[in-house]
Amino acid sequence: MTVDLTAPVVTATSTRRRQEWPFYLSAAVIVLAVIAAVLAPLVAPYSPSQTDFAALWQPPSATHWLGTDQLGRDILSRVIHGARPSLLGAIALLAVATVLGVLIGITAAWKGGWVDTALSRITDVMFAFPGLLFVVLVIAVFDRGQVTSVLGMALAYAPAIAKFTRSIALEEMARPYVDAYRLQGVGGAVLCGKYLLPNLLPTLVGYLVVLFGEGLMSLASLNFLGFGSQPPSSEWGLMVQEGRTGVIQGIVGPALIPGLTIAIVVVATNVVGVRLSDKLAVRK
Amino acid sequence: MSVLLEIEDLTLRVPAVEILRGISLQVATGETVGLVGESGSGKSSTARAALRLFPDEAQAGGRISVGGVDVLSAGDAAVQRIRAHDAAMIFQAPRTALNPVRRIGDSATERLVQVHGLDRKAARAKLLTLFEHVGLRDPESLLRKYPHQLSGGMLQRVVIAAALSIDPKLLLADEATSALDVTTQAEVLALLKRLRGERDLGVLFITHDLHLAAAYCDRVYVMREGLIVDHQPGATIFENPGNEYTRQLADAVPTLPAQDSTETGKVGSR
Amino acid sequence: MSVLAVDKLGKTFPGRRGQQPVVAARDISFLVEAGGSLGVVGESGSGKTTVARMLVGLTSPDQGKVMVEGRETSKPERGRAARLRRAREIQMVFQDPYTSLDRRLSVESCLRDVLNRHRPELAKAQAAAEIGNLLDQVGLASKLTASRPHELSGGQRQRVAIARALAVRPRVLVLDEAVSALDVSVQAKILTLLNELRAALGIALVFVSHDLAVVGEVTDRILVMYRGDDVEQNATAELLRRPRHPYTQMLLSSAPGPGWQPERVAELRAAFALTEGRS
């Protein structure tokens, strides 16, 4: 949008009637995914590892709503059970990345000077390095598996969070209440942890929800490549990988369904995250 | 002298809040009219209403006429015409009126190009003349600069030049000099006064500063809580304020003691 | 002995990208007694805010020093005890009432937070009583204690900011354009409050503002700054009535009042700029 010199930007909030349904739909998707993750054994019709060699590569039917895979396992049940490792992986990844990123970002903003320069250089270099390549390196040095892939991915995500935290912390520090705390004799660590950080959280949360979707996607790609979770896990990325063999035979369901699930959850978290950050920013 | 802006018994309410409760005022050609009040008095809402700039959910009553057009009942096209040709608004913070990432020249000519249909070259030429006219030095290089490279006083001159570029008859100045230093404020006001004389502009001058309005405006309206509580010639408003509130406002502003006249005389001879 | 002694304070900011360095303050010296009040006046860019920030230690001076009751405050303190002691020497109130309070804290928690830090010896009930006292002192209704900043008007917020500074019981209070963003009627009340406080508590005030008339109301001495220089310093009444420096004279004649003419001020300014060697 361009700014008009002679007419003010007035009724920006009142005339822009935002469509609400994508937000509610996305929120519903997330709630559903969480329910699946928590209550999988109760809501899934079959066990995720129950094989049926009489029913391989079945198309959707009344007994198997979404069909079966190469071992005759029920795809719907596997997708539901896959919610737990998929979501938990992304949560763990984000938790580690957030702790690291926020620590680096706030320290850089608060200390300024050479500390800021050094930390910013390091994060810039890591930021420029492709995340997936970085994790593959980490896995090559250590060992494949879910823990390594999550921790490696967390290292890859931390720089973005650090950059974001640094910029919003600098903005917040320009507000004189921060100086007021300083003048009361509050030390740097306490000021950052007890006063600055809680004021950053609303902005940070929206950003992290958006990142959650990205993290889920990255972990799924790692698993697809075989670097992360190993069979018989029904983590979604791994399911896509295992379903791949069916695609050659013209059976797309086993690969497509977990793939679509990932896509839907990623889009949903994105919509919710953007909306959340808008809302929280407005309240500011 | 003809009436440019005429507001009669204007009321404005947004759900649950009555912003204006029956405002009547007039601005004629060649006249500077002050509208004074504290925050929340409704002075800015009055000016915005003159260009029908209020939220969708607001309900307006009464009558507003700008150059003979009934603003409240006219169609969108007619109101657009008023905003594009007849009346221009200048705001307190020139920095927020200009897009920080665009060059001054692009922001300031946009309206001429898009609404008035001038080509870029003609629009730039017109703006250059106006820049010189408002006392901006080296206008050519100014067009290529970004807002952050200019001081507040210069930026307000740019905004005034851009406002004048549409050749308006009515100028709505909403706290246009409040963010400036007193000396810069005086410079900008001297400029506005000169332009008013040259172009026979009508100016609605909105300010919180009663002393400034009294010294600068031909007539002054005082607003409080959505009502006009006083209306006096600027020159005599302190001698016989028509309302206790005007007196309170006047008393609330600290004034400077009279200076030793010989000293002031010396400055004058510099 | 003066509570606040400022000696030859100087600060130069390096120029940005090929521009000249900016001298924000040069040889600024003044004294303020207990209960006294000094105004620092200047236009934007005069360096007055830089001086205010150097007084409280938010900006470190290149030259000179600031002493409060004989102790230097213009250097950063190390260690919690030293920082708290510094806080009790000098406090500051900022210009923008909308961003100078922590938006998460209610009036009460904001003040309690300060009391917990600076007067931990107070029991809970005593602290509550002290909060009542502070609100009383700054003229805030006690029903507002649970309000958060966004529920308060600009004037109310500024009163909270003053109460927050007073809760520390400082010897010196620096106010940087503390009433500039307020409506005139609110401004008048805050100015009265400041005069009462310095009389009652013996606090020394440094009142920084661009508005000579406002400064005239709350100070007994004024320092006029122009481009980092102290161009004139005198007793308030004397300076306002018989300004000696042409810059002060120009500033005084710029304020709208009887006989004020913008063209005249613009001429004066142009003439002044010429004598200053500006093009």
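Labels below follow one simple rule: chain letters A, B, ... track the order of the sequence lines, proteins then strands, and each chain is numbered from 1.
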| task | Mark yes or no for whether B/Asp181, through its side chain, and C/Glu43, through its backbone, hold a donor-acceptor pair below 3.5 Å. | result | no

| Any idea which of C/Val184, C/Leu182, C/Val214 has the most non-hydrogen atom pairs under 4.5 angstrom with chain B? | C/Val184

| task | Heavy-atom distances under 4.5 Å only: say whether B/Thr184 touches chain C with side chain, backbone, both or neither. | result | both

| request: Against chain C, label B/Thr183 side chain, backbone, both or neither, depending on which of its atoms sit under 4.5 Å from a heavy atom there. | output: both

| query | Are any non-hydrogen side-chain atoms of C/Pro262 and B/Tyr216 less than 4.5 angstrom apart? | reply | yes

| query | Are more than 12 heavy atoms from other residues, nucleotides or ligands located less than 6.0 Å from atom CD of B/Glu140? | reply | no

| field | Side-chain touch C/Ser185/B/Glu38, heavy atoms, less than 4.5 angstrom | value | yes

| Within a reach of under 6.0 Å around CZ of B/Arg247, are more than 12 heavy atoms found that belong to other residues, nucleotides or ligands? | no

| Distance in Å, B/Leu256 CG paired with C/Leu239 CG, rounded so as to fall on 0.5 Å steps | 10.0 Å

| note | When every non-hydrogen atom of B/Glu187 is compared with those of C/Ala266, the smallest separation belongs to CG-CB, 3.8 Å

| Heavy-atom pair of closest approach, residues C/Ala188 and B/Ala252 | CB-O, 3.7 Å

| Considering all heavy atoms, the nearest B/Pro254-C/Glu217 contact | CB-CG, 3.3 Å

| query | Side chains of B/Gln185 and C/Ser254: do they bring a donor and an acceptor to under 3.5 Å? | reply | no

